[in-house]
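Everything below concerns the one structure shown next.
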Amino acid sequence: MKKTFFLLLVFTFVSIGFSQENNTKKEKIIALLEMNSNSKIFTELVTLNIQEIDKNKQEEFRNKIAELEEKKKEEAIIFFMKKYSEKDINVIYADYSVPNRLAYTQKTLSFLREWKTFKMLFQKEFKEVFMSF
């Protein structure tokens with residue numbers, strides 16, 4: 001009985017430790033996606049194109065684009081959670097959070113290229129939604 005209780009207690013602490021680590025990792029990934037105006041494309045596309053949409057449909061258009069934005073960000077977060085370790089994310093975060101830096105490490109550049117790919121996919125899907133209105 002004591003062994004079972006002890007194993008259950010150890011398992012609980014280990015699982016809590018891993019879940020906190022993943023939250024920290026996820027929070028840093030989200031911060032990286034937003035850092036240095038990296039997500040401005042999501043709002044800029046709407047701002048530039050909203051006047052082309054009929055006034056009655058603008059709210060619906062904004063809602064669809066907001067859903068699309070959340071979907072792309074979630075896909076990116078899941079991708080980065082699988083691809084990069086907590087250590088990698090910490091290195092990328094430390095590298096990318098330095099203001100006015102001219103050169104980044106290879107991992108940071110790789111992260112930024114992959115994030116750019118997700119933003120390009122968003123643009124493509126944005127055009128499809130825009131054309132449907």
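The structure presented is a predicted model; accordingly, all values stated were derived computationally and were not measured. Throughout, numbering of the chain's residues begins at 1 and tracks the sequence.
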- Over-ring placement of Lys28 relative to Tyr93, 6.0 Å and 45° cut-offs: yes
- Residues Asp54, Phe61; criterion side-chain contact (heavy atoms from CB on, under 4.5 Å); working and verdict: CA-CA 10 Å; Asp54 183 31; Phe61 176 73; over 6 Å; no
- Message: Using only atom types and a distance under 3.5 Å, with no angle test, would you say the side chain of Lys25 pairs donor to acceptor with the backbone of Met81?
- Response: yes
- Message: Would a single hydrophobic cluster contain both Leu48 and Val129, if residues Ile, Leu, Val, Met, Phe, Trp and Tyr are joined by side-chain heavy-atom contacts under 4.5 Å?
- Response: no
- Message: So, using side-chain contact (heavy atoms from CB on, under 4.5 Å) as the criterion, who are the partners of Lys71 when residues are at least two apart?
- Response: Glu75, Glu125
- Message: Can you tell me how far apart CE (Met35) and CG (Leu112) are? Round to the nearest 0.5 Å.
- Response: 10.0 Å
- What residues form a side-chain contact (heavy atoms from CB on, under 4.5 Å) with Lys119, not counting sequence neighbours? Asn38, Ile41, Phe42, Trp115
- Query: How long is the gap from CD on Gln123 to CD on Glu128, to the nearest 0.5 Å?
  - Reply: 12.5 Å
- Query: Which distance, rounded to the nearest 0.5 Å, do you find between the CG of Asn63 and the CG of Leu68?
  - Reply: 12.5 Å
- Say whether Phe130 and Met120 are linked into one hydrophobic cluster, either directly or through other cluster members, by side-chain heavy-atom distances under 4.5 angstrom. no
- ILVMFWY cluster, Leu33 and Leu109 together (side-chain gap under 4.5 Å): yes
- Message: Side chains of Glu52 and Phe133, heavy atoms from C-beta outward: is any pair under 4.5 Å?
- Response: no
- Task: May I ask whether Val98 and Tyr104 are part of the same hydrophobic cluster, defined by side-chain heavy atoms of I, L, V, M, F, W, Y residues being less than 4.5 angstrom apart, directly or through others?
- Result: no
- Message: With rounding to the nearest 0.5 angstrom, report the NZ to CD1 distance, Lys73 to Ile29.
- Response: 14.0 Å
- Separation between CD1 of Ile53 and OG of Ser132, rounded to the nearest 0.5 Å: 8.0 Å
- Item | Closest contact, heavy atoms only, Ala94 versus Ser97 | O-OG, 3.4 Å
- Between Asp95 (side chain) and Thr105 (backbone), is there a donor-acceptor pair under 3.5 Å? yes
- Message: Going by side-chain contact (heavy atoms from CB on, under 4.5 Å), name the residues that satisfy it together with Ile78, two or more places apart in sequence or in a different chain.
- Response: Lys82
- What about Phe80 and Val91, same hydrophobic cluster or not, with Ile/Leu/Val/Met/Phe/Trp/Tyr joined at side-chain heavy-atom distances under 4.5 Å? no
- Taking the side chain as every heavy atom from C-beta outward, state whether Phe118 and Ile77 have any atom pair closer than 4.5 Å. no
- Query: Does the side chain of Phe122 come within less than 4.5 Å of Ile65's, by heavy atoms?
  - Reply: yes
- Query: Out of curiosity, Glu69 CD to Thr43 OG1, how far, rounded to the nearest 0.5 Å?
  - Reply: 7.5 Å
